[in-house]
Peer 1: 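Structure incoming, see below.
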Number of protein chains: 2
Amino acid sequence: MTHLDAPPGLETAERILHEAAALFRTKSFNGASMQDLATAVGITKSSLYHHYPSKQALLAEIVEVTMSRMPPLVAEIAALDIPAASRLHRAIALHTAESIRERDYLACFSEESRYLSPAFIGLHREKKDRYEALFQQLIEDGIDSGDFVAQDPSLAAMAVLGMCDGAIRRYRPEDGYSPDDIATAFANAAIRGLGVHDLEQIDAGEATP
Amino acid sequence: MTHLDAPPGLETAERILHEAAALFRTKSFNGASMQDLATAVGITKSSLYHHYPSKQALLAEIVEVTMSRMPPLVAEIAALDIPAASRLHRAIALHTAESIRERDYLACFSEESRYLSPAFIGLHREKKDRYEALFQQLIEDGIDSGDFVAQDPSLAAMAVLGMCDGAIRRYRPEDGYSPDDIATAFANAAIRGLGVHDLEQIDAGEATP
DNA sequence: GTCTATAGGCGGATAGAC
DNA sequence: GTCTATCCGCCTATAGAC
């Protein structure tokens, strides 16, 4: 990219990554071809390989970027000195809002990462499990503290995380809900679902960090 | 009279359909090849075409079978003369349990149906929307009757149905939960999430029909 | 850093023998 | 109803010119 051009946006490598994430979400990893990607970016198929060595590498990079971004955000919330129910509310709202706003990347993280090559998939599974364990731990904390009713934390986490994944697939901008609208509704539903009667006692902070 | 469960030694066409559903769930429609399917069934790729004219036709048939099966079951529950909260509890438990037990077919219905050819996808979307509207209607009924707290029924349905979809992807038999375990936990969580404090007042019937 | 050209393989699907 | 053999197109990826 030449210095004389006014910054028309992102560098080519990043534009490629963005378009790849979008295509992988909409057509799935196996349904999106390198030709599709080249067309979306506006270069030839061959030129893609100057920036990334393979289609697999693109997916790995998208997943890696997301994996580096989300856990610290949720871990920070989990470490707050407020009740478990409030921490979980914030964590779910953040995760949901981000899932919608950055749905191209989060879709690759949550749905397309299963197509990572065998060399990478084991490590990714571990990281993803650790990320999701943050939510389960908050649920366990809330049960222990009496914020939530006694229940199986593993099934509760499964319900909550599945609900959040659904936001990516079901979100349609034209429906008129903002990411924060959905994030708040989902966090409220989850906290109530865990057994909190009165949402007034929840310190929800800001849905958007 | 289609059998969703694998019958011991039945007709080739049905074994093909069953294996196709399994492959489409595990490798996704675009990731599973006709060669994969032929190998799984134990015949050659060519022989598949004696039973089904195309890969698309296989997906369409799987989706159609499921679409013919589920809505009547949920509609029957929706028509019961019990409170909306009880009807929704039963509907969610049924849908979740069935999603897990027949996850190959339900995964094709909920996740892979997006790869239906343009000729079929419009009609399918309509049917799927009608099916999901059954759940949203139950939520609206419950809000109107005062069973549930006031809230956006569209977002609530989105949360509930996303949670149920998640059961398919997240279920692992080796974790030791039965489909009914998960179905009951999810139905309880959903009903509480909608604002019912006391699950004792729910007439949950049997999770398995 | 982008292009043209092409390799090499696998995809879905078909023809026709038995 | 299953087989062998084959078509053809698209796939990922590479070579090498500019």
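Throughout, protein chains are lettered first and strands after them, A, B, ... in sequence-line order, and every chain is numbered starting at 1. Keep in mind that the numbers below use all heavy atoms, side chains included, and drop hydrogens, waters and symmetry copies.
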Peer 1: Measure from CG on A:L59 to P on D:dA13 and round the result to the nearest Å.
Peer 2: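 From A:L59 CG to D:dA13 P: 12 Å.
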
Peer 1: Please classify the nucleic acid contact of A:A57 as base, sugar-phosphate, or nothing, using heavy-atom distances under 4.0 Å.
Peer 2: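 A:A57: no heavy atom of the nucleic acid under 4.0 Å.
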
Peer 1: Does the side chain of A:Q136 come under 3.5 Å of the side chain of A:E132 through a donor N or O and an acceptor N or O?
Peer 2: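 Distance-only check fails for A:Q136 and A:E132.
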
Peer 1: In terms of side-chain geometry, is the basic nitrogen of A:D180 or A:R101 positioned less than 4.0 Å from the acidic oxygen of its partner?
Peer 2: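 Counted as a salt bridge, because a side-chain N and a carboxylate O are separated by less than 4.0 Å.
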
Peer 1: Would you mind telling me which of C:dT2, D:dC3, D:dT12 lies closest to the side-chain atoms of A:M34?
Peer 2: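 Between C:dT2, D:dC3, D:dT12, the one nearest the side chain of A:M34 would be D:dT12.
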
Peer 1: What is the distance, rounded to the nearest whole Å, between atom CG of B:L48 and atom C1' of C:dA13?
Peer 2: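 These atoms are roughly 11 Å apart.
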
Peer 1: Counting only side-chain heavy atoms from C-beta out, which of C:dT2, D:dT2, D:dC3 sits nearest to B:T44?
Peer 2: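 Between C:dT2, D:dT2, D:dC3, the one nearest the side chain of B:T44 would be D:dC3.
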
Peer 1: The side chain of B:Y49 is closest to which nucleotide in this list: C:dG12, C:dC3, D:dT2?
Peer 2: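 Of C:dG12, C:dC3, D:dT2, C:dG12 is nearest to the side chain of B:Y49.
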
Peer 1: Identify whether any heavy atom of B:A32 sits under 4.0 Å from a base atom; if not, whether one sits that close to sugar-phosphate; answer base, sugar-phosphate or nothing.
Peer 2: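 Sugar-phosphate only.
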
Peer 1: Whole-Å distance between C:dA13 C1' and B:Q35 CD?
Peer 2: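 My rounded result for the distance is 13 Å.
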
Peer 1: Tell me the interatomic distance from A:H50, atom NE2, to D:dG16, atom P, rounded to whole angstroms.
Peer 2: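 Going from A:H50 (NE2) to D:dG16 (P), I get 17 Å.
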
Peer 1: Which nucleotide, C:dG12, C:dT2, D:dC11, lies nearest any side-chain atom of B:S33?
Peer 2: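 Looking only at heavy atoms from C-beta outward on B:S33, the closest nucleotide is C:dG12.
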
Peer 1: What is the distance, rounded to the nearest whole Å, between atom CG of A:L10 and atom P of C:dG1?
Peer 2: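 Between P of C:dG1 and CG of A:L10: 15 Å.
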
Peer 1: Tell me: CG of A:N30 to P of C:dG12, nearest whole Å?
Peer 2: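 After rounding, the reported distance stands at 11 Å.
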
Peer 1: Hey, is the side chain of A:S47 poking within less than 4.0 Å of OP1 or OP2 on C:dG1, counting only N and O atoms?
Peer 2: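 No, no such contact exists.
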
Peer 1: Roughly how many Å is it from OH in B:Y52 to P in C:dT14, rounded to a whole number?
Peer 2: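 Checked: the OH to P distance equals 17 Å.
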
Peer 1: Which one, C:dG12, C:dT2, D:dA5, comes nearest to the side chain of B:K55?
Peer 2: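 The answer is C:dG12.
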
Peer 1: Set out, in order, the CA-CA distance, both residues' side-chain angles and the distance that settles side-chain contact (heavy atoms from CB on, under 4.5 Å) for B:F148 and B:L88, then state yes or no.
Peer 2: CA-CA 11 Å; B:F148 304 143; B:L88 183 61; 3.8 Å; yes

Peer 1: So does A:S46 reach the base of D:dA13 with its side chain, donor to acceptor, closer than 3.5 Å?
Peer 2: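 Flag unset: no donor-acceptor pair detected.
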
Peer 1: Report the residue (B:I16 or A:F29) whose heavy-atom-nearest nucleotide on DNA chain D is the more 5′ of the two.
Peer 2: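 Comparing both residues, the 5'-ward one is B:I16.
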
Peer 1: I want to check one thing: is the phosphate of D:dT2, taken as OP1 and OP2, less than 4.0 Å away from some side-chain N or O of B:T12?
Peer 2: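 Indeed, a polar side-chain atom of B:T12 lies that close.
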
Peer 1: Could you check which of D:dT12, D:dC3, C:dG1 has an atom nearest any side-chain atom of A:K45?
Peer 2: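 Closest of the options to the side chain of A:K45: D:dT12.
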
Peer 1: Fit a plane to each ring of B:Y105 and B:H18, take the angle between them on a 0 to 90° scale, and name the class: parallel (under 30°), tilted (30 to 60°) or perpendicular (over 60°).
Peer 2: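 Ring orientation, 0 to 90° scale: tilted.
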
Peer 1: Nearest whole angstrom, please: distance from the P of D:dT2 to the CG of B:L37.
Peer 2: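 Rounded to the whole Å, the gap is 12 Å.
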
Peer 1: Does the distance from a Lys or Arg side-chain N to an Asp or Glu carboxylate O, for B:E64 and B:K127, drop under 4.0 Å?
Peer 2: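 Salt bridge: yes.
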
